[in-house]
Amino acid sequence: MRRQYIRMFLNNRKAAYLLAAFFLIIALFLGISVGTVSVPFLTIVKIFANLISPTEIFDVDKMQANIVYNIRLPRVILSGLVGASLAIAGCSFQGLLRNPLADPYTLGVSSGASVGAVATLFFHISIPVLGGYTLPVLSILSAFITILCVLLFARRLDPAMKVETIILTGIIFSSFLAAFISLFIALTGDELRQIIGWLLGSVSMRGWVYIQMFLPFFVVGCLLLLLQGKELNILAFGEERAQHLGVQVRFRKILILLAGSMLTGAAVAVSGTIGFVGLVIPHLIRLLTGPDHRHVLPLSIFVGSGFLILADLLARSIISPAELPIGVITALAGAPVFAVLLLNHRRKGR
């Protein structure tokens with residue numbers, strides 16, 4: 001009975017958005033406040049007010065202001081953007097492929113983006129026209145090529161494109177691409193630890209430059225996917241029926257794959273490989289609020305952002321002053337959920 005009341009409350013769209021926004025705000029303040037040097041919530045509000053105002057309104061401690069603006073705020077913003085990107089990308093892939101087990105990590109998209117990013121770093125590739133955007137662009141391109149290869153290979157194996165076939169194909173490609181990543185690591189030498197730490201996922205010491213690099217891809221990718229909510233709802237009934245209802249199926253599929261790969265590739269370029277965010281968050285939102293993608297997509301942005309901010313906070317707090325890779329935290333949370341989803345899916349199939 002209690003669960004029914006909770007679901008009725010969350011099915012109220014305004015309540016769901018308010019709850020998601022409240023969760024994100026709390027995560028933001030916790031991410032900025034908690035650390036080796038604790039910063040009270042009221043001080044954070046005063047620092048924000050001073051940043052917005054042309055003149056300083058409040059007198060705050062300079063050291064705390066410096067910690068907030070130069071260290072914690074960019075880290076929290078970047079982790080929030082990455083979490084939102086992975087969550088909405090996973091939600092769109094699940095809607096497009098009509099299964100709850102698809103996400104950038106299980107489909108091999110993250111591994112493909114990692115290969116592009118590691119190759120860019122290893123060979124010191126810099127395209128003159130792109131400049132500092134060379135890394136995210138090549139990572140996005142590699143991610144898009146990977147998802148296309150996974151889907152083509154899965155269709156060749158099984159024209160029905162069953163869930164198990166797509167997931168297994170993603171795992172095969174992930175393993176294949178992991179061999180290239182291992183090769184780059186073996187040839188790296190002195191930069192070995194840095195690359196391994198990056199591959200495990202981290203937003204530590206990234207700074208405002210990485211946010212500036214990531215933000216254009218985040219805005220474009222999210223806008224493209226948010227506009228596909230109605231089409232994803234129709235595609236849930238099958239491609240043939242969607243075609244009869246006037247949906248340009250091939251165009252929409254390419255657009256969704258491109259936007260999802262853009263977000264995944266850009267996220268991997270700035271934070272490394274962070275798994276299971278795109279799997280857990282959309283599934284949780286669907287359980288609580290229903291399957292309507294017009295609402296699941298934007299709610300995934302809020303909740304995914306808050307989730308990764310808290311995961312990063314946990315990663316830097318457990319063994320403080322040292323840090324765990326954020327990918328370890330998300331894997332510990334996401335792997336059991338993935339196992340439960342797979343078992344439930346198999347039982348329904350039987």
Next on the checklist: Starting from L24, can I reach L314 by hopping between I/L/V/M/F/W/Y residues whose side chains sit under 4.5 Å apart?
Outcome noted: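 No, separate clusters.
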
Item to check | For S139, all residues meeting side chain to side chain contact (heavy atoms under 4.5 Å, CB included), sequence neighbours excluded | outcome: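 Expected list: A113, A117, V268, A269.
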
Would you call the rings of [X] and [Y] parallel, tilted or perpendicular, where under 30° means parallel and over 60° means perpendicular?
{"X": "F29", "Y": "F41", "result": "tilted"}
{"X": "Y17", "Y": "F302", "result": "perpendicular"}
{"X": "F184", "Y": "F123", "result": "perpendicular"}
{"X": "F218", "Y": "F214", "result": "tilted"}

Next on the checklist: Please determine whether a side-chain nitrogen of the Lys or Arg among R316 and E323 lies less than 4.0 Å from a carboxylate oxygen of the Asp or Glu.
Outcome noted: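 No, R316 and E323 are not salt-bridged.
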
Checklist entry - Just by modelled atom types, is the S110 backbone N or O under 3.5 Å from a matching donor or acceptor in the S114 side chain? => result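 Flag set: sc S114 to bb S110 pair under 3.5 Å.
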
Item to check | Side-chain donor or acceptor of R252 paired with backbone N/O of R250 under 3.5 Å | outcome: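 Answer holds: no.
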
For [X], look at atom [atom1] and say whether over 12 heavy atoms of other residues, nucleotides or ligands are found less than 6.0 Å away.
{"X": "F217", "atom1": "CZ", "answer": "yes"}
{"X": "Y133", "atom1": "OH", "answer": "yes"}
{"X": "F176", "atom1": "CZ", "answer": "no"}

Checklist entry - So which pairs with a foot in residues 233-272 pass ring pair (Phe, Tyr, Trp, His ring centres under 6.0 Å), sequence neighbours left out? => result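 Qualifying pairs, neighbours excluded: none.
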
